[in-house]
Number of protein chains: 2
Amino acid sequence: MAKLSPETLRERSDHILDAAGRCFARAGFHRTTMQDICREAEVSPGALYIYFNSKESLIAGICERERAEFASRFAEMPVGADFMGALAALGRQFLEDPLHRRLLCVEVGIEATRNPKVGEIQKSVEGFIRGSFHDLFTKLKTEGRIAPVFDIDTVVEAFMTIADGMLWRRAVDENFKADVVLPPLLEAVAALLRPVAHEAKS
Amino acid sequence: MAKLSPETLRERSDHILDAAGRCFARAGFHRTTMQDICREAEVSPGALYIYFNSKESLIAGICERERAEFASRFAEMPVGADFMGALAALGRQFLEDPLHRRLLCVEVGIEATRNPKVGEIQKSVEGFIRGSFHDLFTKLKTEGRIAPVFDIDTVVEAFMTIADGMLWRRAVDENFKADVVLPPLLEAVAALLRPVAHEAKS
DNA sequence: AATAAAAACGAACGATCGTTCTTTTTCATG
DNA sequence: CATGAAAAAGAACGATCGTTCGTTTTTATT
């Protein structure tokens, strides 16, 4: 009887997941070998396979963490007086992510189209995000703070398309300048949401 | 002396490239084997390697064709009276592409970040597209048909981000409805370009 | 038709990959 | 401290991949 404590177990599995994430982001899922991950995590194959029983389950694990990450970020989003400002801040936050996380999103998205297991998880992540924005936009609409011409479902879909465009472009184009495109894209989003002007404050 | 005619040579290399494209789109670059491509093209490995000396050069070949394809589509774009309509038509055209081509774009984009050779070609494709829209928008601006608040470079960048968002989402989300998001996204693009209203015709 | 070179074939090679398995080390417990 | 099971190690396995190469087939030319 010499079982490691659950905390230690979790800690080590997280450590391996981190290493795998760095490797996947660096070289892509199919180009990184299990040996690469072992080297990066400084563990042996035997040890790694105690925590994850296949290469595939490493991607799945990364997916799950990504969902948790977004959930916490979105929960912290202040939807107070200036929601466009909050949206801008959220966008900035994502665009300031280390390159490694962004490449990972793309990598996972691709893998999801071909790997049913990853696809399932990814779909639930997408659903969660879509739901979060859907709730936010409907709330803003019922409160009369936005007056979109299209229905909420459509607005959410278009919004997510624009957001994904940033994600993709930032991951793929080395010359991408986040601070250049963010303002015009926020303008574009504003055209979708059509925030209703309140009585001027200044 | 039994050399095949250049036309035949080109024909067969195109045939192989088509098959490779289908395979890459179906399973991704790293998951398709040379045997897969041989089977799809109905040629032997020995024959394939006469036309392409590596798996990598197949992607490169596909890239080059993609550039030519876009060039011809853009050249055919009627930039007459109703350029927003023309833009919409171009968008619809791309979104109506067979799934296979769209997945291919994503596949190539990813590969470009890791494969210097592919990266070089992809960069030139991107440059060509960016240049095309840059020219179009500056022309529209000097003619006084649009009045963007941001400078042309920025507008082009934001526009391409939105376009890429559609490409990505359509490739990755099986429930993506092109006809649903296209109208709001065109609205968003309009907010960037700010077409100046001419005297009403109807 | 004969010919010679190009083109195509396809079995096979060497390298590499994901995974396993035997051995050794570690560590909570008696 | 002794113990035994869990955890880690890492050499090794079978499978598979991109590519090659010796042979056969095709084809433009004489």
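Sequence lines set the chain letters: A, B, ... in the order given, protein chains first and strands last, and positions in each chain run from 1.
Note: CZ (B:Arg39) to P (D:dC17) measures 9 Å, nearest angstrom.
Phosphate proximity of C:dG18 to A:Lys55: present, with a side-chain N or O under 4.0 Å from OP1 or OP2. Using a 4.0 Å cut-off, no side-chain N or O of B:Ser44 falls inside it from OP1 or OP2 of C:dA8. At C:dA8, one or more side-chain N or O atoms of B:Tyr51 fall inside 4.0 Å of OP1 or OP2 (strictly under the cut-off).
The 5' end of DNA chain D is approached more closely, in terms of each residue's nearest nucleotide, by A:Arg12 than by the other of B:Gln35 and A:Arg12. Both B:Leu9 and A:His30 sit near DNA chain C, but only B:Leu9 has its closest nucleotide nearer the 5' end. With DNA chain D read from its 5' end, the first of the two nearest nucleotides for B:Ser5 and B:Met34 is the one closest to B:Met34. Map B:Leu4 and B:Gly46 each onto its nearest nucleotide of DNA chain C; the residue landing nearer the 5' end is B:Leu4.
Relative to the six-membered ring of A:Phe83, A:Lys139 misses at least one condition, a distance below 6.0 Å or an angle of at most 45° to the axis. Taking the ring axis of B:Phe137 as reference, the NZ or CZ atom of B:Arg145 does not stay both within 45° of it and closer than 6.0 Å to the ring centre.
Within the 4.0 angstrom heavy-atom criterion, only backbone atoms of the sugar-phosphate kind lie near B:Thr32; the bases stay farther away.
In summary, the aromatic rings of B:Phe74 and B:Phe128 are positioned with their centroids too far apart to meet the 6.0 Å limit.
The two residues A:Trp168 and B:Gly109 make their nearest non-hydrogen contact at CH2-CA, 4.0 Å.
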